[in-house]
Amino acid sequence: MTKYKTVFAGLDGYQKGGVEVINDDPKNYVFSNIFEVATKAKPWEKVAVAKNQEYVLEVIRAEGTSSWRATPHDEFAMVVDGEVVIDLLDPEQSLVDPSASGSIAVSGEPKGTPMGKITARRGHLALLPAGRCYRMRAEKPSVVLLQTVLGPDTVERWSEICQKY
Amino acid sequence: MTTSPIQLGDVPNEHGYRPFTLGGFHFERDEHFVHVTWPTGRHVTAAEPFLKAMMRDVAWNFFYGTVNFDAVIGTLNHYGNVDLFAGRFNEEYRKAELDHSENFPHDEIKATFQAILNDWVNADFDPFAAPMETGSAYGEKTGSNTAAVTRTRIAAKRMVGLPDDEPLRSDESGYPVNRAFLDVDLDEPIVEVEKGYEKEVSAFNFFGYLSRSDVTWNPSVVSVCRDSLMCPTTEEFILPIIHGNDRVEWFLQLSDEIIWEVEDRESGKPRAKVVMKAGDCAAMPADIRHQGYSPKRSMLLVWENNSPDLPDMIARGEAPTVPVTF
Ligand SMILES: [Fe+2]
């Protein structure tokens, strides 16, 4: 039987494909590589790599401890490289308007009830529940892909991350 | 064009297959081929790719936008009703005025396609399977494979693995790890939950879940953020349809490699090849159609915006066909 090797990528190794144009503009494909984006990002920067109207997928370079964040809607965090610990907290007072879009940073330590924690490695997907707070920790540089809505600190730098020619 | 009732042929031909009629379209199959006729033309195509394409169309409820079975036959989803067309997205058929399109209520075309699959898929053929994992689609009629052709598409309400949502996969539940993913880590995340928060503190091995997928080219909803849907899928060999989306769609290649052939959505003229390796992220604009080639079984994250307003916004020019400009 053939022995298959599944190729994943990460901060310490990725190969990039690309758009090979026949009659088109490569910019139409908004082509980037999430590990290249994470390599060049500052810790905890939320860099959009995909956007569809108000929705985004963000790449986050997880390194050290993030600030606490509050989210008005469910977000989903996929660890795509390394290991990340996610602390979850039920805040005493609501910190976000449920109709708002995107999570926001919370200054300091929010008061509330600890909900638990998740230790996630490459390939694991975690729910960051609506109305709650979360904080992420990573001992070694790791990468998170966040499914969310464009928020106040989403970073858009398409021209720097995408194939142009 | 108005619709006429479905006619499910009840007399099998000499190969054992029944003919089917839907409005002005007539479908027949023999040992090797499917023959489609309509008032202005005819088309012949190999049975295997035809059945694989029709299977995706049915399983996805006609999906977003256009599902081209090949350069001639396909469907266009209007959500509630569906166009069945021949040559509609083929520049030469259009010029020659050989193209034809008829609109049907969703349930009517779905019932017809389901009946065709039930009759034309033989016992040892699974249209969802990779080529090396299934028997042949060809030859005289030998039994049926109802279990395979009536699989329901998995669609989580919030996230797979939550209580009251779509379950995780295991050997016990009939989802062994696929032969191409035997090297994928199956360890689960460590989830420590305080009492009372069991419905909210949740995580699972997403790559492990995908390694147990028993189908190819069949995106299923795994997590839902308002109208944003993560629809991962495992891919091997060729996407059986050429998808012309009615909105922007995104791909994030999670493992291995897929090569996409991209053509103009209306005319079918070639526009680009998009080569995606692990970690690559790319948009498929709303004015193209695409077909993927995956040399090894790979994990692909398809990311969709399920907003019902999008196709009309794009048609009215209020939403651009590309997601961002820079
Ligand atoms: Fe597609």
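Quantities reported herein were computed from a predicted structural model and do not represent experimental measurements. Below, each value reflects all heavy atoms present in this structure, side chains not excepted, and no hydrogens, waters or symmetry copies.
- Between the side chains of B:S307 and A:Q53, no donor-acceptor pair is found at a separation under 3.5 Å.
- Looking at heavy atoms from C-beta onward, A:T113 lies out of side-chain contact with B:E194 at the 4.5 angstrom threshold.
- The choice from A:I118, A:T6, A:V37 that makes the most heavy-atom pairs within less than 4.5 Å of chain B is A:T6.
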(request) Given side-chain contact (heavy atoms from CB on, under 4.5 Å), test A:Y4 with B:R297 step by step and report yes or no. (result) CA-CA 9 Å; A:Y4 293 99; B:R297 200 179 190 91; over 6 Å; no
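- B:F326 carries A:K27 over the face of its six-membered ring, with the cationic atom under 6.0 Å from the centre and within 45° of the normal.
- Only the side chain of A:L145 comes within contact range of chain B, with heavy atoms under 4.5 Å apart.
- Rounding to the nearest 0.5 Å places CD1 of A:I22 at 9.0 Å from CD of B:E263.
- A:E75 does not touch chain B: none of its heavy atoms, backbone or side chain, sits under 4.5 Å away.
- At a 4.5 Å heavy-atom cutoff, the contact between A:F76 and chain B is made by side-chain atoms alone.
- Distance check: A:L128 CG to B:E200 CD gives 11.5 Å after rounding to the nearest 0.5 Å.
- Proximity of a side-chain donor or acceptor of B:N305 to a complementary backbone N or O of A:N52 within less than 3.5 Å is detected.
- The pair B:D183-A:K5 fails the salt-bridge criterion, with no side-chain N (NZ, NE, NH1 or NH2) lying under 4.0 Å from an Asp/Glu carboxylate O.
- Here the side chain of A:D24 pairs no donor or acceptor atom with the backbone of B:A272 at under 3.5 angstrom.
- Annotation: the span from A:L127 atom CG to B:K199 atom NZ amounts to 13.0 Å, rounded to 0.5 Å.
- With hydrogens and angles ignored, the 3.5 Å screen pairs no side-chain donor or acceptor of B:N205 with any backbone N or O of A:H124.
- Chain B forms the most heavy-atom pairs under 4.5 Å with one residue out of A:A100, A:A130, A:G10, and that residue is A:A100.
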(request) Please assess B:K277 against A:Y14 for the test side-chain contact (heavy atoms from CB on, under 4.5 Å), listing each intermediate value before the final yes or no. (result) CA-CA 8 Å; B:K277 300 183 185 221; A:Y14 59 88; over 6 Å; no
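- Contact annotation for A:V56: only backbone heavy atoms (N, CA, C, O) come within less than 4.5 Å of a heavy atom of chain B.
- A salt bridge links A:R121 with B:D187: at least one charged nitrogen is closer than 4.0 Å to a carboxylate oxygen.
- With 3.5 Å as the limit, one finds a donor-acceptor pair spanning the side chains of B:Y197 and A:D90.
- Within the model, atoms CZ of A:F8 and CZ of B:F207 stand 5.0 Å from one another, a figure rounded to the nearest 0.5 Å.
- A:M78 is listed as a side-chain neighbour of B:M230, based on a closest heavy-atom distance under 4.5 Å.
- With B:W303 contributing its side chain and A:A50 its backbone, the two residues share no donor-acceptor pair below 3.5 Å.
- For A:R132, the part sitting under 4.5 Å from any heavy atom of chain B is the side chain, from C-beta outward, and nothing else.
- When side chains are defined from C-beta on, B:S223 counts as touching A:L125, because their heavy atoms get closer than 4.5 Å.
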